[in-house]
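A short worksheet on the structure shown next.
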Protein chains: 2
Amino acid sequence: MLDPIARVRRFNRAVTSEVGALDTSFLGRGRPLGVARVLNAIGHGRSDVAELRDYLALDSGLMSRFLRSLEEEGLITTKPHPDDARRRIAKLTAAGRREFEAYETLSNGQAQSMIARHSQPEALLAAMDMVAAALGRDRISLDEVDPRGAEARYCLGEYYAELSRRFARGFDVALSRDPDALDMMAPRGAFFVALSDGLPLGCVGLKGHAGATAEIKRLWVAPAARGLGLGRRLMDAAETAARKLSITTLRLDTNSALGEAQQLYRRTGWTEIERFNDDPYPDLFFEKRLS
Amino acid sequence: MLDPIARVRRFNRAVTSEVGALDTSFLGRGRPLGVARVLNAIGHGRSDVAELRDYLALDSGLMSRFLRSLEEEGLITTKPHPDDARRRIAKLTAAGRREFEAYETLSNGQAQSMIARHSQPEALLAAMDMVAAALGRDRISLDEVDPRGAEARYCLGEYYAELSRRFARGFDVALSRDPDALDMMAPRGAFFVALSDGLPLGCVGLKGHAGATAEIKRLWVAPAARGLGLGRRLMDAAETAARKLSITTLRLDTNSALGEAQQLYRRTGWTEIERFNDDPYPDLFFEKRLS
DNA sequence: CATGATATCTGACTTAGGTCAGATATATTC
DNA sequence: GAATATATCTGACCTAAGTCAGATATCATG
């Protein structure tokens with residue numbers, strides 16, 4: 001009854017029997033799924049026909065027909081790409097935008113009703129995030145970003161919130177040595193976020209100092225993404241960035257309440273060292289020499 | 001970024017882009033999905049053609065063609081129903097069973113690899129259970145069963161395990177007043193389990209005494225199914241059964257550590273009463289008069 | 001046993017989705 | 001500027017899936 005394989009297959013069945021409904025929600029407006037998907041992708045800002053075809057994995061002949069069909073309905077217009085007249089650019093007309101919005105409203109309403117019927121929506125959403133992250137694990141990208149950007153700020157906010165949950169005496173950023181954003185950007189350092197279909201699932205900062213030393217800061221992996229090896233991927237990205245910046249020694253501080261992080265460091269070539277700062281929160285210090 | 005609707009839609013996208021793979025896993029053996037689904041359903045024991053058609057929601061013409069195609073491949077045989085020669089019964093041949101097993105192996109392997117790649121499979125499985133329960137909430141059935149059967153025993157095991165996690169000093173069934181199975185079966189009482197696609201998600205027992213009084217025992221809802229109103233449905237079923245058995249007064253005992261249960265009782269017409277037994281675990285006692 | 005209901009089958013037809021081989025126009029490279 | 005590559009389009013063709021109107025055989029009922 002609790003056989004893991006049976007549980008996964010039960011999940012698959014539940015999902016596939018609902019997916020009919022998912023698909024037909026795209027129908028319901030008198031348009032086949034294929035055409036609706038193209039309209040939807042254009043509405044979400046994909047205008048280049050070649051990119052569309054690639055994204056939706058469609059044959060060029062089929063794509064062409066779908067575009068023609070949308071044009072005949074008066075929902076899109078196409079024109080040649082200004083830099084390359086072989087390529088075409090598709091754009092929604094006013095009617096097309098209205099139709100796209102109608103799909104969006106339908107889709108949002110469906111999502112909304114799923115949540116509204118549940119009396120513990122936060123638990124359900126967390127479960128959905130976790131499943132989505134696991135299903136899409138091969139599509140999680142690591143991007144180097146400005147630590148002041150929206151994704152980075154979101155990750156840092158979640159990171160601080162988690163620290164204050166996990167530290168017995170809470171966590172207050174103001175009391176910690178908050179790294180300057182410029183220290184975590186080229187040419188001194190770097191900041192990475194892990195993105196799954198637009199949702200930030202983790203981050204790590206590399207804070208460069210003068211000379212050949214740098215610190216790893218703000219390593220965080222969203223609860224929904226734990227177990228996918230994202231911490232290691234983030235650390236690898238930070239190390240690679242450090243090497244590119246000719247850094248030879250990395251250091252970091254952490255707290256013994258963060259067991260999984262500590263375990264990761266010990267498993268990946270870090271060695272414990274003496275305290276090297278007076279930040280009140282960390283009680284464990286590590287170093288790694290890059291060769 | 002944390003907009004609930006966006007999170008649900010992200011989940012839908014993740015799932016639909018994997019469902020292609022789910023579908024094509026049924027292919028991969030050179031047989032279209034429709035036919036493969038029929039083979040699969042027959043393999044899982046559905047032999048009556050009318051039942052198959054109903055289960056798979058297929059048109060009778062289409063069903064007939066699928067059966068013919070499987071017969072031509074030598075995977076099934078059909079014969080008239082012994083009691084009604086209009087109906088037909090489909091059965092796998094030896095070759096059909098081999099083919100069915102091949103699909104099963106493929107499907108199990110796929111599920112297995114999903115789990116194997118995750119380093120916290122239990123968390124992922126719990127999330128999948130929760131999502132599956134929420135998606136299939138309208139298909140959760142309440143069945144009256146023998147409390148000694150497999151489903152009931154599973155629920156009771158989970159129930160005891162949860163009590164020992166939640167009670168500060170643990171829980172030992174042997175010390176509790178374990179109701180006799182016969183007290184929770186007709187004509188004295190009843191036992192219900194909630195089933196979602198075969199997985200037990202909750203249970204409740206009605207323990208009849210001599211006279212017009214009965215007790216509610218062993219109300220449990222699986223963590224994956226919380227928030228779906230299953231506790232209430234189970235209690236309603238128990239009440240209805242009690243009325244049928246001409247019971248006029250229901251009692252129950254519970255523990256203040258089980259907040260959500262207490263809340264449910266208070267909201268559904270139960271009133272707190274004095275202790276009515278010497279079981280060491282409960283510290284709260286309720287009564288409800290049935291009209 | 002006549003009548004209507006039911007289960008399955010068959011043939012004719014439709015739609016959605018997709019493949020593939022050129023045709024056409026434009027860009028890139030030598 | 002010729003040869004080649006690329007992006008899109010068109011026509012011909014195919015499969016999967018599904019709908020629908022009878023045909024046929026059997027069952028249930030008065």
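Letters go in sequence order (proteins before strands), and every chain restarts at 1.
- A distance-only check finds a donor-acceptor pair linking the side chain of B:T240 to the backbone of B:D236 [under 3.5 Å].
- If you check C:dG17, D:dT8, D:dA12 against the side chain of A:R65, the one that comes closest is D:dA12.
- Residues A:K91 and A:R97 have side chains not in contact (no heavy-atom distance under 4.5 Å, counting atoms from C-beta outward).
- Among D:dG18, D:dT26, D:dA7, the nucleotide with an atom closest to any side-chain atom of B:L58 is D:dG18.
- D:dA17 atom P lies 14 Å from atom CG of B:L67, rounded to whole Å.
- The interatomic distance linking A:L70 (CG) with D:dT8 (P) rounds to 15 Å, in whole Å.
- Across C:dT8, D:dC27, D:dA17, the shortest atom-to-atom separation from the side chain of B:L33 is found for D:dA17.
- Among the nucleotides C:dA7, C:dT26, D:dC9, the one closest to any side-chain atom of B:R53 is C:dA7.
- Side-chain atoms of B:R68 lie closest to C:dC9 of the nucleotides C:dT26, D:dC9, C:dC9.
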(message) side chain to side chain contact (heavy atoms under 4.5 Å, CB included) for B:R31 and B:Y103? Distances and angles first, verdict last.
(response) CA-CA 11 Å; B:R31 198 170 290 111; B:Y103 278 117; 2.9 Å; yes
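- Between the C1' atom of C:dT8 and the CG atom of B:L52 lies a distance of 13 Å, rounded to the nearest Å.
- For B:P32, counting side-chain heavy atoms from C-beta on, the closest listed nucleotide (D:dT8, D:dA17, D:dT26) is D:dA17.
- Going from atom CZ of B:R88 over to atom C1' of C:dC9 covers 10 Å, rounded to whole Å.
- Of the inter-residue distances, the one linking A:R9 atom CZ with B:E104 atom CD reads 4.0 Å to the nearest 0.5 angstrom.
- Between the P atom of C:dA16 and the CE atom of A:M63 lies a distance of 17 Å, rounded to the nearest Å.
- Here the P atom of nucleotide C:dG17 and the CG atom of A:L56 are 12 Å apart, to the nearest Å.
- If A:L62 and B:D84 are placed on DNA chain C by their nearest nucleotide, the residue sitting closer to the 5' end is B:D84.
- How far OG1 of B:T93 is from CG of B:L75: 5.5 Å, rounded to the nearest 0.5 Å.
- Comparing C:dT26, D:dT8, C:dT8 by their nearest atom to the side chain of B:V49 picks out C:dT8.
- If you measure from atom NE2 of B:H81 to atom C1' of C:dA7, you get 12 Å, rounded to the nearest angstrom.
- Residue side chain A:R86 reaches the base of D:dT6 through a donor-acceptor N/O pair under 3.5 Å, judged by distance alone.
- Using a 4.0 Å heavy-atom criterion, one finds that A:D59 contacts the bases of the nucleic acid, with or without backbone contacts as well.
- Computed from coordinates, the A:D83 CG to D:dT6 P distance equals 18 Å when rounded to whole Å.
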